[in-house]
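Shown next, in structure tokens, is the structure this report addresses.
Reckoned from all heavy atoms, side chains included, excluding hydrogens, waters and symmetry mates. Along the sequence shown, residues carry numbers from 1.
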Amino acid sequence: MRERRVLVVEDERTIAESVAARLRAEGFTVETAGDGPTAVARFRAWQPDLVVLDVMLPGFDGLEVCRRIQADRPVPVLMLTARDDETDLLVGLAVGADDYLTKPFSLRELAARVHVLLRRVERASAAAPATLTIGEVEINQTERRVLRAGAEVHLTPTEFDLLVHLAGRPRTVLPRERLLADVWGWAEGSSTRTVDSHVKALRRKLGAGLIRTVHGVGYALEVQP
């Protein structure tokens with residue numbers, strides 16, 4: 001089994017080298033990129049298993065990098081932000097980031113989150129029933145593909161995992177905090193806004209009526225009788 005690959009995209013050399021060194025010590029194969037165009041090119045050539053991505057980059061920013069790589073192939077993205085700005089965070093989640101860390105961060109926490117993201121994708125890929133069908137939406141868990149009315153819909157890894165989690169418990173109201181713990185695996189470090197952003201993306205892609213909001217509590221997947 002090959003070592004898992006992580007692409008670190010960060011224009012501050014000291015931070016990039018520190019992150020890369022820590023991840024290599026954790027057993028990952030790591031490459032780095034210092035600007036937007038280089039990051040996209042390296043992603044396409046190298047096919048990493050996960051991307052650690054800074055928002056502020058020369059060339060074009062991390063949000064545009066995230067859009068382009070997720071359009072190529074769904075991949076877990078851990079986004080790094082220079083400030084705790086809610087708008088920036090929500091935009092990052094909307095374009096396909098799975099989690100985020102605000103600078104300054106500890107290398108220990110970053111490594112832990114990388115492990116959590118990869119374990120979640122691997123666990124979901126190994127999970128069982130091959131196909132789930134909810135109305136006009138068909139979920140192929142083996143191939144990690146989703147069809148709506150026969151047409152394939154592109155979901156990010158976290159959007160897919162959230163959909164599968166909700167689909168496995170139809171009509172059950174799941175609190176945001178539980179979704180953070182079950183899907184993201186990092187309840188203490190993430191905001192419930194993370195869940196809201198991904199639910200919004202699923203509704204946009206699969207239909208507004210698919211997921212019901214229970215105000216003040218959480219979400220439930222609706223199954224038509």
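Checked options Leu78, Leu23, Val19; the residue passing with Val6 is Leu23 (criterion: side chain to side chain contact (heavy atoms under 4.5 Å, CB included)). Screening Leu179, Val173, Val214, Thr172 for a side chain to side chain contact (heavy atoms under 4.5 Å, CB included) involving Tyr219 leaves a single residue, Leu179. The one candidate from Arg42, Arg5, Arg73 that meets the side chain to side chain donor-acceptor pair (under 3.5 Å) condition with Gln47 is Arg73.
Atom CG of Leu107 is separated from atom CD of Glu26 by 10.0 Å, given to the nearest 0.5 angstrom. One finds the CZ atom of Phe105 at 5.0 Å from the CG atom of Leu110 (value rounded to the nearest 0.5 Å). Atom CD1 of residue Ile211 and atom CD1 of residue Ile134 lie 9.5 Å apart, to the nearest 0.5 angstrom. For the atom pair Leu174 CG and Leu221 CG, the distance stands at 9.5 Å (nearest 0.5 Å). In this structure, CG in Asp35 is found 12.0 Å from CG in Asp61, a value given to the nearest 0.5 Å. One distance of note links CG of Leu163 with NE2 of His165; it measures 11.5 Å at 0.5 Å rounding.
Using a 4.0 Å cut-off between charged side-chain N and carboxylate O, Asp49 and Arg4 make no salt bridge. With respect to the salt-bridge test (charged N to carboxylate O, under 4.0 angstrom), the residues Asp72 and Arg67 do not qualify. Salt bridge Glu159/Lys205: present, at least one basic N to carboxylate O contact under 4.0 Å. Under the 4.0 Å criterion applied to side-chain N and carboxylate O atoms, Arg171 and Glu222 are not assigned as salt-bridge partners. Lys103 and Glu10 are joined by a salt bridge, as a carboxylate oxygen and a charged side-chain nitrogen come within less than 4.0 angstrom of each other.
Within the 4.5 Å cutoff, the side chain of Val164 has heavy atoms near those of the Gln141 side chain. With contacts defined as side-chain heavy-atom distances shorter than 4.5 Å, the pair Asp99/Thr194 does not qualify. Side chains of Val114 and Val116 form no contact here, defined as non-hydrogen atoms less than 4.5 Å apart. The closest side-chain heavy-atom distance from Pro175 to Arg178 is below 4.5 Å. The shortest distance between side-chain heavy atoms of Phe160 and Pro74 does not fall below 4.5 Å. The side-chain heavy atoms of Val75 and Leu7, taken from C-beta on, include no pair separated by under 4.5 Å. When side chains are defined from C-beta on, Leu206 counts as touching Val146, because their heavy atoms get closer than 4.5 Å. Between Arg169 and Asp182, every side-chain heavy-atom pair lies at or beyond the 4.5 Å cut-off.
Shown here for Cys66 and Ala97, the closest heavy-atom pair between the two residues is SG-N, 3.6 Å. Summarising the geometry of Ala16 relative to Thr32, their closest heavy-atom pair is O-CG2, 4.4 Å, with the distance given to 0.1 Å. When every heavy atom of Leu80 is checked against every heavy atom of Asp54, the shortest pair comes out as O-OD1, 3.1 Å. Among all heavy-atom pairs drawn from Leu57 and Gly34, the shortest one is CD2-O, 4.3 Å. Between Ala167 and Leu132, the closest heavy-atom pair is CB-CD1, 4.0 Å. Heavy atoms only, all atoms of each residue included: Met79 and Gly62 are closest at CE-O, 4.0 Å.
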>> Would Asp196 and Arg176 count as a side chain to side chain contact (heavy atoms under 4.5 Å, CB included) here? Give the steps.
In response: CA-CA 8 Å; Asp196 299 338; Arg176 290 175 175 83; 2.7 Å; yes
> Could you go step by step and tell me if Tyr100 and Val55 meet the side chain to side chain contact (heavy atoms under 4.5 Å, CB included) rule?
Replying inline: CA-CA 10 Å; Tyr100 58 84; Val55 172; over 6 Å; no
>> For a side chain to side chain donor-acceptor pair (under 3.5 Å) check, start with the C-alpha distance between Thr156 and Gln70, then their side-chain angles and the critical distance, and finish with the verdict.
In response: CA-CA 7 Å; Thr156 69; Gln70 293 291 13; 5.4 Å; no
>> Show, in sequence, the C-alpha distance, side-chain angles and deciding distance for Arg144 and Asp161, and conclude whether the salt bridge (Lys or Arg N to Asp or Glu O under 4.0 Å) test is met.
In response: CA-CA 9 Å; Arg144 293 182 66 85; Asp161 292 340; 3.0 Å; yes
> Run the side chain to side chain contact (heavy atoms under 4.5 Å, CB included) check on Thr131 and Thr133 step by step: do they pass?
Replying inline: CA-CA 7 Å; Thr131 305; Thr133 303; 4.2 Å; yes
> Passes side chain to side chain contact (heavy atoms under 4.5 Å, CB included), Arg68 versus Phe60? Steps please.
Replying inline: CA-CA 11 Å; Arg68 295 191 188 195; Phe60 46 77; 3.6 Å; yes
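Under a hydrophobic-cluster definition in which Ile, Leu, Val, Met, Phe, Trp and Tyr are linked whenever side-chain heavy atoms come within less than 4.5 Å, directly or via other members, Trp46 and Val51 are assigned to the same cluster. Leu147 and Val153 fall into different hydrophobic clusters, where Ile, Leu, Val, Met, Phe, Trp and Tyr residues are linked whenever their side-chain heavy atoms come under 4.5 Å apart, directly or through other members.
Ring-centre distance between His115 and Phe28: below the 6.0 Å cut-off.
Looking at Thr29 and Glu3, their side chains do bring a donor and an acceptor atom within 3.5 Å of each other. Side-chain atoms of Ser18 and Arg13 form no donor-acceptor pair, as typed in the model, at a separation below 3.5 Å.
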